[in-house]
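Data block below; observations after.
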Amino acid sequence: MPIAKSRRRTRVDLRTPADKNSSQKSVNAANSIIQEDHKSLSICDEEKSPTRPKGLHQDMDSEPRKNVSRYVPRAKSNPKNRRAKELTGHAEKQAVITPFDICTCYNRKSLMGETFLPARNTGNHIDTEHPITETRQILRPGMVLLTNYISLPEQVNIINRCRELGLGPGGFCQPGYQNGAKLRLQMMCLGKMWDPETKYEERSRSDVVGTLSIPDDFVLLVKKALSDAHLLIEKNEIMKDAEKMLPGMTPDVCIVNFYTTHGKLGLHQDRDESEDSLNKGLPVISFSVGDSAEFLYGDERDISKAESILLKSGDVLIFGGQSRHIYHGVTSIIPNTAPPALLKKTNLCPGRLNLTFRHF
Ligand SMILES: O=C(O)CCC(=O)C(=O)O
Ligand SMILES: [Fe+2]
């Protein structure tokens with residue numbers, strides 16, 4: 001079944017303030033071209049800066065500017081895009097990348113204040129009086145939630161590795177579209193590059209030479225989670241071949257998102273992977289680390305009809321098979337919900353790290 005590619009979320013306005021003053025007319029003209037270019041797409045969450053009233057025509061970041069990486073996605077060679085680039089003056093701009101550090105944005109302790117920390121959790125260890133229990137649940141055919149699945153040392157390792165990779169070339173930056181708002185998150189790709197504008201089609205960041213690899217220990221954890229999901233399906237569904245409900249896979253893409261406490265992601269489907277991968281229903285495997293997130297999912301792009309679950313630090317969510325095309329998104333990050341022991345060991349900034357593994 002051929003699947004139309006339209007995972008569009010937002011667009012990015014990358015002009016400098018000087019550009020903005022001098023080229024408003026050109027921008028309006030360019031916008032109409034780009035709007036037309038994208039009109040089949042429904043953006044699920046973010047603001048579209050070109051159509052915003054003047055007074056709001058500022059970057060809508062909630063984060064300090066100095067920590068926000070910016071880059072210019074390379075446009076597909078489409079005459080409309082080329083024309084729009086000329087009009088907006090984007091054509092000659094080079095990427096401006098400043099590393100986003102997920103661990104030392106600022107001093108968490110002074111920001112949070114001691115009172116925000118539950119007394120039982122201020123120690124340097126996971127609370128033994130309230131042991132964390134792992135649960136495994138089939139949410140719907142092909143969709144499995146493993147809560148508290150990733151151990152504390154594994155979470156620490158994930159944060160440290162992502163921080164290290166995220167500070168280097170190809171590291172975290174705030175993605176978006178050539179002519180619109182930004183995604184409300186920082187992103188880094190491992191294995192293969194993806195961005196909202198060019199998808200997997202071409203490498204779009206001039207700071208990247210080659211591709212960052214997915215660390216082997218991440219792949220092992222993905223495999224283990226999938227095999228535990230299969231055991232669960234076999235047990236609960238009395239299915240001898242759990243792979244029929246949830247195909248196995250080896251990831252070659254990992255999209256790492258970091259949401260600050262203002263981060264969110266509108267309802268969308270993940271359908272930029274290859275037709276073969278999508279048709280087979282090869283699953284997306286998602287790791288959550290840090291603050292909890294309210295996660296919505298459903299069959300339609302309609303928040304009022306979606307189910308809501310809380311994804312906490314250490315949870316693994318898997319959706320493949322019949323559930324591969326669910327609409328899903330993150331409506332909010334719940335501040336001060338990350339395990340204190342994790343923060344103590346990593347100094348992770350307020351917010352949530354999410355890794356989604358896929359097979360292209
Ligand atoms: O952050 C999440 O839980 C979801 C991320 C996601 O849907 C994506 O990166 O496509
Ligand atoms: Fe997604």
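Indexing begins at 1, ligand by ligand and atom by atom, following the structure's order.
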Run the numbers on Asp270 and His328 for side chain to side chain donor-acceptor pair (under 3.5 Å), then give the verdict.
CA-CA 9 Å; Asp270 288 356; His328 59 281; 3.2 Å; yes
List ligand 1 atoms under 4.0 Å from Val330, heavy atoms only on the residue side.
1 (O), 2 (C), 3 (O)
Counting heavy atoms under 4.0 Å, the part of Asp270 that contacts ligand 1 is side chain
Show the atoms of ligand 1 that are less than 4.0 angstrom away from any heavy atom in Tyr259.
1 (O), 2 (C), 4 (C), 5 (C)
Determine, using heavy atoms of Arg358 and all atoms of ligand 1, whether some pair is separated by less than 4.0 Å.
yes
Pull out every atom of ligand 1 sitting under 4.0 Å from any heavy atom of Phe295, numbered as shown with elements.
3 (O)
Can a salt bridge be assigned to the pair Arg161 and Asp217 using a cut-off of 4.0 Å between side-chain N and carboxylate O?
yes
Any Met187 heavy atom less than 4.0 Å from ligand 1
no
Decide if atom CG of Asp241 counts as having more than 12 heavy atoms of other residues, nucleotides or ligands within a radius under 6.0 Å.
yes
Check all N, O or S atoms of Asp270 and name the one closest to the Fe ion (ligand 2).
OD1
Under 4.0 Å to a heavy atom of Thr356 - the qualifying atoms of ligand 1, by number
9 (O)
Option nearest atom 2 (C) of ligand 1 (shortest heavy-atom distance, choices Leu355, Asn257, Asn354):
Asn354
Solution key, residues 221-229 side-chain donor-acceptor pairs under 3.5 Å, sequence neighbours excluded:
{"residue": "Lys223", "atom": "NZ", "partner": "Met249", "partner atom": "O", "Å": "3.3"}
{"residue": "Lys223", "atom": "NZ", "partner": "Thr250", "partner atom": "OG1", "Å": "2.7"}
{"residue": "Lys224", "atom": "NZ", "partner": "Tyr149", "partner atom": "OH", "Å": "3.3"}
{"residue": "Asp228", "atom": "OD2", "partner": "Tyr149", "partner atom": "OH", "Å": "2.5"}

Residue Arg352 vicinity, atoms of ligand 1 by number, heavy atom under 4.0 Å:
1 (O), 2 (C), 3 (O)
Under 4.5 Å side-chain heavy-atom separation, chaining through any Ile, Leu, Val, Met, Phe, Trp or Tyr, what else clusters with Ile334? Say none if it is isolated.
Leu310
Output yes when Lys199 and Glu273 qualify as a salt bridge under the 4.0 Å nitrogen-oxygen rule, no when they do not.
no
Might you confirm whether atom CD of Gln322 has over 12 heavy atoms from other residues, nucleotides or ligands at distances under 6.0 Å?
no
Under 3.5 Å side-chain donor-acceptor pair for Thr135 and Thr147
yes
Applying a 4.0 Å heavy-atom criterion (strictly less than), which segment of Leu265 is in contact with ligand 1: side chain, backbone, both, or neither?
side chain
